[in-house]
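Taking it in order: structure first as structure tokens, then the write-up.
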Amino acid sequence: MAIERTLSIIKPDAVAKNVIGQIYTRFENAGLRIVAAQMRQLSQAEAEGFYAVHKERPFFKDLVAFMTSGPVMIQVLEGEGAIAKNRELMGATDPKKAAPGTIRADFAQSIDANAVHGSDAPETAAVEIAYFFPTLAICERKCCGCCCGK
Ligand code: RTP
Ligand code: MG
């Protein structure tokens with residue numbers, strides 16, 4: 001399987017719960033490397049731009065309000081099949097429907113405050129990574145050979 005990069009966001013609810021480290025451990029245990037990261041509070045314009053694909057949806061206003069309600073941790077994850085692997089680790093959008101042991105099942109409270117974001121396809125991953133990270137902010141990391149052999 002190809003080495004991919006995906007955009008991950010630990011949302012304000014999970015940052016407030018102080019579980020960044022626990023979520024990072026899940027990424028690392030699944031063979032994903034963090035190759036760029038930043039913590040900050042999104043502006044309304046940034047959150048609206050990031051979720052522009054949902055701007056006609058009834059939940060858009062609440063989604064933007066939630067995403068700007070506190071600091072988020074934004075990272076680029078790299079590894080074999082990183083996009084699907086991250087979505088699998090995250091679990092279903094609604095934590096009530098998320099499989100046991102997934103991030104959303106363990107840390108999310110509702111479909112609005114659902115702990116994490118992850119890109120859903122190669123095209124969206126490329127756009128979302130570029131939205132938050134200029135190329136120079138992404139590190140070249142060699143794996144020691146334990147997880148992907150790169
Ligand atoms: P995300 O983009 O945040 O990774 O989540 P996702 O792919 O699993 O879900 P998506 O359909 O892209 O929706 C983006 C976020 O909008 C909120 N949402 N609320 N009330 C609702 O019916 C509803 N549907 C979606 C969720 O917070 C979701 O993560
Ligand atoms: Mg989505």
Side-chain angles (χ1 to χ4, degrees), residues 1-135 137-139 147-148:
M1 197 181 283
I3 300 292
E4 293 175 336
R5 286 177 175 169
T6 190
L7 196 278
S8 156
I9 301 178
I10 301 179
K11 296 184 179 183
D13 58 318
V15 171
K17 275 189 173 169
N18 205 25
V19 293
I20 294 170
Q22 291 186 59
I23 293 173
Y24 270 24
T25 298
R26 292 178 184 217
F27 296 151
E28 292 180 344
N29 286 346
L32 297 173
R33 294 179 294 281
I34 295 153
V35 294
Q38 53 174 302
M39 179 192 271
R40 62 199 180 75
Q41 188 139 357
L42 299 182
S43 68
Q44 175 150 341
E46 278 179 313
E48 285 175 352
F50 184 73
Y51 277 119
V53 66
H54 293 308
K55 67 175 185 296
E56 306 302 336
R57 308 283 288 276
F59 57 80
F60 181 69
K61 209 163 158 247
D62 288 345
L63 176 60
V64 169
F66 172 66
M67 289 301 287
T68 56
S69 65
V72 294
M73 189 78 208
I74 313 167
Q75 44 282 321
V76 177
L77 307 177
E78 181 184 84
E80 278 193 24
I83 297 166
K85 199 177 268 183
N86 182 43
R87 296 285 297 189
E88 205 178 301
L89 293 172
M90 288 162 57
T93 310
D94 182 350
K96 289 197 284 294
K97 296 179 185 154
T102 59
I103 294 168
R104 282 168 167 164
D106 291 344
F107 300 119
Q109 23 258 10
S110 68
I111 196 167
D112 301 306
N114 63 357
V116 279
H117 162 83
S119 309
D120 57 14
E123 300 72 29
T124 46
V127 170
E128 291 178 2
I129 290 169
Y131 192 81
F132 285 118
F133 296 98
T135 310
I138 300 176
C139 298
C147 54
C148 69

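In listed order, ligands and their atoms are each counted from 1.
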Show the atoms of ligand 1 that are less than 4.0 angstrom away from any heavy atom in Asp112. 27 (O)

Can you list the ligand 1 atoms lying under 4.0 Å from a non-hydrogen atom of Lys11? 3 (O), 27 (O), 29 (O)

Would you check if the side chain of Thr6 reaches a backbone N or O of Ala125 as a donor-acceptor pair within less than 3.5 Å? no

Is there a donor-acceptor pair under 3.5 Å between the side chain of Arg87 and the backbone N or O of Asp120? no

Do the side-chain N and O atoms of Gln22 and Lys17 include a donor-acceptor pair separated by under 3.5 angstrom? no

Measure [X] to ligand 1 on non-hydrogen atoms and call it side chain, backbone, both or neither using the 4.0 Å cut-off.
| X | result |
| --- | --- |
| Glu128 | neither |
| Asn114 | side chain |
| Arg57 | neither |

To the nearest 0.1 Å, how far is [atom] from its closest protein heavy atom, and which atom is that?
| atom | answer |
| --- | --- |
| atom 8 (O) of ligand 1 | Thr93 OG1, 2.5 Å |
| atom 5 (O) of ligand 1 | Arg104 NH2, 3.2 Å |
| atom 23 (C) of ligand 1 | Phe59 CD2, 3.4 Å |
| atom 15 (C) of ligand 1 | Leu63 CD1, 3.8 Å |
| atom 27 (O) of ligand 1 | Ile111 O, 2.7 Å |
| atom 7 (O) of ligand 1 | Arg87 NH1, 2.9 Å |

Compute the minimum heavy-atom distance from Phe66 to ligand 1 and say whether it is under 4.0 Å. no

At the 4.0 Å heavy-atom cut-off, does Asp120 count as touching ligand 1? no

Could you pull out the closest heavy-atom pair between [X] and [Y], with the gap in Å?
| X | Y | value |
| --- | --- | --- |
| Ala37 | Tyr24 | CB-OH, 3.8 Å |
| Ala36 | Ala137 | CB-O, 3.5 Å |
| Glu80 | Met1 | CG-O, 3.7 Å |

Hey, is ligand 1 close enough to Gly118 that some N/O pair sits below 3.5 Å? yes

Which option out of Met67, His117, His54 puts a heavy atom nearest to atom 2 (O) of ligand 1? His117

Could you go through the side chain to side chain contact (heavy atoms under 4.5 Å, CB included) check for Leu42 and Phe132 one step at a time? CA-CA 11 Å; Leu42 299 182; Phe132 285 118; 3.7 Å; yes

Run through Met90, Arg104, Gln109 and flag the one making a side-chain contact (heavy atoms from CB on, under 4.5 Å) with Asn114. Arg104

In a check of side-chain contact (heavy atoms from CB on, under 4.5 Å) between Ser8 and each of Ile34, Ile103, Leu77, which one passes? Leu77

